[in-house]
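To start, the structure itself, in structure tokens.
So that the names make sense, note that chain A is the first sequence line, chain B the second, and so on, each numbered from 1.
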2 protein chains.
Amino acid sequence: MEQEGIKINKTVARAIDIMDYIATNKKPVTLATISKELSIPKSSAFDIMHTLAEKKMLKANNETKQFSLDVKSFEIGSGYLSRNDVHTVARPLLKQISQQTGETAFLAVENNGMIVYLDKVEGISPTRTTCVIGDRNLMHCTGLGKAILATMPIEKIRLITGGGSLQVRTQNTHATFNSLMLDLEEIRKRGYSIDNREDNDYVYCVAVPILDGDNNCIAAISISAIYTPDTENHREAFSQLITNAALEISRKFGYVNPRIYSEDTYGLTDIN
Amino acid sequence: MEQEGIKINKTVARAIDIMDYIATNKKPVTLATISKELSIPKSSAFDIMHTLAEKKMLKANNETKQFSLDVKSFEIGSGYLSRNDVHTVARPLLKQISQQTGETAFLAVENNGMIVYLDKVEGISPTRTTCVIGDRNLMHCTGLGKAILATMPIEKIRLITGGGSLQVRTQNTHATFNSLMLDLEEIRKRGYSIDNREDNDYVYCVAVPILDGDNNCIAAISISAIYTPDTENHREAFSQLITNAALEISRKFGYVNPRIYSEDTYGLTDIN
DNA sequence: ACTAAGTGTTCGTATTTACGAACCGTGTTT
DNA sequence: AAACACGGTTCGTAAATACGAACACTTAGT
């Protein structure tokens with residue numbers, strides 16, 4: 001591992017790791033914590049964190065000696081969305097879907113083997129589902145994640161999931177790689193993924209990937225609702241809406257096939 | 001200037017500057033551009049940008065050789081909002097205000113002498129106003145900016161605005177420091193700021209600051225509408241709504257005074 | 001009251017990075 | 001087709017950072 005020719009600059013890598021740690025750990029942290037958790041010498045972390053604070057990336061509380069994120073991190077992060085085409089193209093469609101169904105519509109991308117929620121439009125339903133924008137989640141137990149996995153060659157799926165037994169969240173979560181692969185095959189035939197309480201005991205969701213002109217999966221969108229015994233009755237309507245929206249978005253990125261999961265979409269023909 | 005005892009780490013400062021540059025310039029940039037614009041030697045910028053790319057902060061397009069922001073920047077930026085208390089406390093109030101008026105409600109903070117838009121809830125009005133979340137704007141010509149300026153001591157206002165002639169955006173923009181100071185004094189008496197087409201020829205807006213237990217201004221909220229000859233008729237209703245909301249939010253941060261601009265709020269008694 | 005354990009901070013030097021210059025690859029001009 | 005311009009990449013060494021150790025300060029324990 002790490003035999004890449006890329007020369008990693010230790011200082012900037014540490015700066016990012018520190019901000020990432022503070023962003024994911026939902027509490028502000030002290031210099032000592034960072035030093036311990038990330039195995040960075042105190043004096044080194046000191047220099048880095050104080051420059052980050054000077055640059056308004058981190059906010060230093062002089063009383064509690066705790067560091068939290070500051071506005072510049074937000075400004076830079078917003079820059080990602082404002083020039084991320086998927087986001088701007090998808091948003092009106094998400095709104096439309098949310099209005100038509102009363103449920104919440106989501107947009108997510110894959111990154112480092114997990115999904116990252118980019119956007120949501122909450123429905124008016126009193127029992128609507130939600131999530132925190134920017135948060136990560138597992139792929140094998142979410143509708144969005146499975147929709148994306150189904151576009152990938154088997155080697156990549158194995159790499160991401162680990163290939164053996166999978167982390168279980170509910171009674172319905174796929175516990176094994178083989179079980180997941182069978183589901184992915186169905187997803188490809190069906191044209192959309194279903195998450196029937198696999199991530200959360202109360203949430204039902206259908207999702208479809210977004211593809212570009214090179215048949216690369218660049219994102220996925222979903223409709224998500226609180227599960228009730230008659231949720232299945234809405235499945236057909238939900239899947240139609242979400243598939244049409246995904247096709248419309250995909251076409252704006254040059255995708256030309258008439259359906260989302262075509263043979264060209266994924267490099268995989270048999271799952272053995 | 002800059003005689004602080006803080007030892008700035010050149011490497012992390014540059015890394016932040018690079019991301020900041022890419023975030024504010026709305027186009028992807030090449031290594032050469034960064035090197036020229038930020039006066040960083042090519043070979044140094046090379047190392048930094050490639051580690052940033054490795055860390056998923058930047059995305060490197062191997063064909064066009066252009067760098068843009070990647071998801072991690074978004075994730076980190078989202079971390080700011082999810083633990084920024086003002087944001088979570090203010091959001092439901094913004095929603096409420098937007099529903100009651102049909103117009104757009106905004107939340108912004110001050111940073112480095114400018115306002116940064118943190119959140120908005122767009123109204124249903126077909127002629128609603130909007131902005132890009134995460135963007136910056138001038139203080140002296142916006143309702144949000146003036147509401148915040150009015151809480152500051154005169155030295156700080158002078159520092160931020162430059163103290164002399166001000167950048168003019170419309171016929172109504174304050175062109176001089178003195179003109180602005182007279183307005184701020186009125187704002188303090190009135191309890192809220194008015195932006196009557198000072199930033200944009202078509203936008204009218206009322207705004208109020210959010211204060212914490214130490215009487216520090218931590219943010220501002222506003223209602224913004226397309227200007228029409230009868231917009232003034234809504235002023236009283238708008239200002240009541242926004243002031244009540246600001247007081248409600250401020251109290252959650254320990255603010256105890258019965259009105260927003262009390263004598264304790266700002267260190268300033270006369271403007272000469 | 002003293003000790004101990006926890007912070008953050010400073011400082012000198014071993015270690016790492018920075019960066020000028022040379023190189024490579026592409027596309028454009030002459 | 002040679003020369004040029006303009007981008008990215010590599011490399012050796014001057015220059016800047018990293019970091020162990022010592023220090024200072026606060027809080028908790030005995």
Side-chain angles (χ1 to χ4, degrees), chain A residues 1-23 25-70 83, chain B residues 1-23 25-70 83:
Chain A
M1 66 293 245
E2 206 70 333
Q3 76 274 48
E4 280 288 311
I6 303 155
K7 241 186 331 190
I8 295 281
N9 182 315
K10 198 194 280 183
T11 315
V12 328
R14 281 174 166 177
I16 305 306
D17 287 342
I18 289 171
M19 290 190 291
D20 200 16
Y21 183 88
I22 297 178
N25 282 270
K26 304 296 186 189
K27 298 175 191 60
V29 293
T30 63
L31 172 63
T33 313
I34 290 289
S35 172
K36 275 176 212 149
E37 293 292 318
L38 301 181
S39 308
I40 302 174
K42 263 198 304 180
S43 46
S44 309
F46 179 87
D47 289 342
I48 295 171
M49 291 171 80
H50 280 264
T51 28
L52 285 175
E54 188 71 15
K55 283 282 170 188
K56 300 282 179 195
M57 289 297 281
L58 296 182
K59 184 162 18 190
N61 184 327
N62 284 326
E63 275 127 48
T64 64
K65 298 294 180 185
Q66 285 180 321
F67 288 82
S68 50
L69 295 171
D70 204 350
R83 270 173 304 96
Chain B
M1 63 296 248
E2 208 68 328
Q3 75 274 49
E4 281 289 311
I6 305 156
K7 238 185 340 189
I8 296 281
N9 182 315
K10 198 195 279 183
T11 316
V12 327
R14 280 174 167 175
I16 305 306
D17 288 342
I18 289 171
M19 290 189 291
D20 200 16
Y21 183 87
I22 296 177
N25 283 269
K26 304 296 185 190
K27 297 177 192 61
V29 292
T30 62
L31 172 63
T33 313
I34 289 289
S35 171
K36 275 175 209 148
E37 292 292 317
L38 302 180
S39 308
I40 301 175
K42 261 199 305 180
S43 46
S44 310
F46 179 87
D47 289 343
I48 296 171
M49 291 170 80
H50 281 262
T51 24
L52 285 176
E54 189 71 13
K55 283 280 168 189
K56 300 284 179 191
M57 289 296 283
L58 296 182
K59 181 160 21 190
N61 184 327
N62 284 324
E63 274 127 50
T64 65
K65 299 293 181 187
Q66 286 181 321
F67 288 83
S68 51
L69 295 172
D70 204 350
R83 272 173 303 94

Quick one: do A:N9 and B:H50 satisfy side-chain contact (heavy atoms from CB on, under 4.5 Å)? Show the steps, please. CA-CA 9 Å; A:N9 182 315; B:H50 281 262; over 6 Å; no
Given side-chain contact (heavy atoms from CB on, under 4.5 Å), test B:M19 with B:L58 step by step and report yes or no. CA-CA 8 Å; B:M19 290 189 291; B:L58 296 182; 4.3 Å; yes
Stepwise side-chain contact (heavy atoms from CB on, under 4.5 Å) check, B:V12 with A:D47: CA-CA 9 Å; B:V12 327; A:D47 289 342; over 6 Å; no
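For the pair B:F46 CZ and D:dT9 C1', the computed distance is 5 Å after rounding to whole Å. Computed from coordinates, the B:L31 CG to D:dT9 C1' distance equals 9 Å when rounded to whole Å. Following rounding to the nearest Å, B:H50 (NE2) and C:dT17 (P) show an atom-to-atom distance of 16 Å. Separating the CG atom of B:N61 from the P atom of D:dG8 is a distance of 12 Å, rounded to the nearest angstrom.
Between the OG1 atom of A:T51 and the NZ atom of B:K7 there is a distance of 10.5 Å, given to the nearest 0.5 Å.
Summary of the strand contacts: A:K65 and A:V12 both lie near DNA chain C, and taking for each the nucleotide with the nearest heavy atom, the more 5' one is attributed to A:K65.
The side-chain contact (heavy atoms from CB on, under 4.5 Å) test applied to B:S44 returns B:R14, B:I40, B:P41, not counting sequence neighbours.
Here the nucleotide nearest the side chain of A:K36, chosen from C:dG8, C:dG6, D:dG7, is C:dG6.
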Where protein sits on nucleotides 17-22 of chain D, one letter per nucleotide: B base, S sugar-phosphate only, - none, heavy atoms under 4.0 Å: SSBB--
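Residues B:D70 and B:M57 are not in side-chain contact: their nearest non-hydrogen atoms beyond the backbone lie 4.5 Å or more apart.
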